[in-house]
Amino acid sequence: MPANFESLALSPALLTVVGELGYTQPTPVQSAAIPVLLAGRNLIGQSKTGSGKTAAFALPILQSIDIDARSPQALILCPTRELCAQVAREVRRLGRRHAGLAVLEIVGGQPIWRQMDALKRGVHMVVGTPGRMIDHLQRGLLETRSIKTVVLDEADRMLDMGFGPDVEKILSELPEPRQTALFSATFPASIETLTRKFLHEALRITIDEPEEASLEIRQLRLAAEPDEKFPALCWSLNEYPHESALIFCNYKTSVFEVAQDLARAGVSAGHLDGDMDQFHRDQMLARFRNESIRVLVATDVAGRGIDVTDLDLVINYELHDQPDVYVHRIGRTGRAGKKGLAISLTTDRDEARLEAIQKLTGTRIESVKRRAGKGPGLKRLLESIARAPRMMTVLISGGRKDKVRPGDILGALTGEAGGLKSADIGKIEIQDRLSYVAVTRGVARHAVQQLNRGRIKGRRFRATLIDTFG
Ligand code: AMP
């Protein structure tokens with residue numbers, strides 16, 4: 001396996017970007033998939049989120065994109081809106097040296113006319129969910145003639161979510177010859193049927209995930225019957241220091257309760273559930289990524305596609321029935337070579353689930369105990385974990401479509417105009433029509449004032465502090 005990117009026959013521009021992003025070495029899925037895709041072959045890849053698979057397919061696509069032809073040349077299908085956003089973000093990051101590259105997300109929950117406008121102006125790549133993609137295809141809004149590559153990302157999830165017929169319809173309507181790549185964590189019969197039908201002579205790559213995951217992720221279990229769960233959660237948060245923690249629950253109601261109880265006690269916590277509208281989900285995720293929220297409570301559906309590289313703790317508030325959901329959940333931590341920790345709060349009734357998980361992953365989950373009767377009570381624990389986050393998020397009413405770039409926001413806040421030090425400014429995330437910038441708590445109000453008084457690229461935008469916990 002090539003140990004460096006230079007041996008992968010990528011263009012100088014892409015090698016530069018990969019270096020700038022700090023990717024020193026290709027991940028196993030990248031070493032295996034990039035040469036196959038560069039050679040134009042169909043690919044079936046077994047790998048999961050966190051393995052670097054987005055870059056594995058995005059780099060070869062970017063290498064062959066013709067920027068002058070403003071027509072869709074690659075189509076990427078993902079199961080959820082969040083995953084689409086995550087993939088589009090990684091593609092844009094990797095494509096930063098392809099001046100003029102336009103990547104469009106075609107997802108539900110957003111006005112279709114906006115996507116139509118973007119398509120009319122011309123895009124190079126589309127990333128979308130099957131449902132909305134079908135809408136565009138059926139209305140003849142999506143020009144398919146120049147599509148050369150199709151990627152099915154997290155194919156097993158797409159089928160689980162009932163997108164099978166849509167995916168098949170989309171694949172049947174796209175022109176041949178083309179290159180098709182399919183990535184999936186599991187290979188049930190339905191996936192095999194799909195590959196037989198649409199991925200002729202594909203090369204198969206398998207990356208041994210569970211083993212790899214076990215090296216990077218320490219897995220613990222803590223016995224807690226239902227009425228002891230919340231104290232056990234607080235104990236875990238206190239006992240295992242973390243910068244950001246993701247807590248998974250099986251039900252929306254538990255998500256809401258846990259997040260609310262934590263937030264009430266002053267813990268910087270937010271929540272995500274499937275019912276939230278797109279704007280609030282995006283906002284919550286941006287705040288979690290930029291460290292304005294330290295603890296995020298989510299259901300599996302809402303938690304898919306959460307793209308946070310520095311996540312150091314995942315807690316299973318409730319274990320899921322299916323062992324592969326456990327693998328997905330804990331795979332959010334220990335990414336890209338970092339150490340992670342996963343703690344599961346288990347009841348007596350979870351024994352069979354634990355057995356199934358250990359069998360699937362081939363690992364043992366270590367048992368830890370809270371010292372009964374000793375140690376701080378719940379009130380003291382909450383006091384101990386209640387800590388205001390280091391950063392706060394400022395929402396700015398301008399984004400990529402307003403030609404706002406991270407450097408413009410940085411410029412408006414620092415130097416003579418803004419008066420802030422660059423050390424006070426954290427992650428800057430630019431979306432289509434708005435941007436999020438993290439600033440240290442102490443200077444947050446000042447930053448908002450400066451942004452509202454000043455201009456960005458000669459234009460006035462509104463800046464607001466997102467100030468609430470949760
Ligand atoms: P993915 O599996 O595509 O969701 O990627 C997981 C994370 O790893 C993303 O945040 C990527 O930016 C990051 N990543 C991808 N490839 C590499 C690499 N070769 N070295 C370090 N980080 C990487």
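Counting starts at 1 for both ligands and their atoms, following the listed order.
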Enumerated ligand 1 atoms positioned under 4.0 Å from heavy atoms of Gln86
4 (O)
Going by distance alone, is a donor N or O of one side chain under 3.5 Å from an acceptor N or O of the other, for Thr186 and Asp324?
no
Per-atom contacts, ligand 1 versus Gln25 - under 4.0 Å to a heavy atom:
18 (C), 19 (N), 20 (N)
Any atoms of ligand 1 less than 4.0 Å from a non-hydrogen atom of Arg93? List them with their elements.
12 (O)
Could you check whether Phe256 and His271 have their ring centres less than 6.0 Å apart?
yes
Interfacing atoms of ligand 1 (cut-off 4.0 Å, heavy-atom, Thr54):
1 (P), 3 (O), 4 (O)
Show me the donor-acceptor pairs within less than 3.5 Å that the side chains of residues 162-171 make with the rest of the protein, sequence neighbours left out.
| from | atom 1 | to | atom 2 | distance (Å) |
| --- | --- | --- | --- | --- |
| Glu168 | OE1 | Lys197 | NZ | 2.7 |
| Lys169 | NZ | Glu173 | OE2 | 3.2 |

For residues 391-398, please give each side-chain donor-acceptor pair under 3.5 Å, one per line with the distance, not counting sequence neighbours.
| from | atom 1 | to | atom 2 | distance (Å) |
| --- | --- | --- | --- | --- |
| Thr393 | OG1 | Asn290 | OD1 | 3.3 |
| Thr393 | OG1 | Asn290 | ND2 | 3.1 |
| Thr393 | OG1 | Ser292 | OG | 2.6 |
| Ser397 | OG | Arg462 | N | 2.8 |

Over 12 foreign heavy atoms within 6.0 Å of CZ, Arg178
yes
Taking N or O atoms only and a 3.5 Å limit, does Thr24 qualify as a polar contact for ligand 1?
no
Could you check whether Glu192 pairs with Arg204 (Lys NZ or Arg NE/NH1/NH2 to Asp/Glu carboxylate O, under 4.0 Å)?
yes
Going by the order shown, which atoms of ligand 1 are within less than 4.0 Å of some heavy atom of Glu90?
11 (C), 12 (O)
Below a 4.0 angstrom heavy-atom separation, can you tell me which part of Phe57, side chain or backbone, both or neither, approaches ligand 1?
neither
If you count the atoms of ligand 1 from 1 in the order shown, which ones are under 4.0 Å from a heavy atom of Ser51?
2 (O)
Atoms of ligand 1 under 4.0 Å from any heavy atom of Phe5, numbered from 1 in the order shown, are 19 (N)
Any ion pair linking Arg96 and Glu20 (charged N to carboxylate O, less than 4.0 Å)?
yes
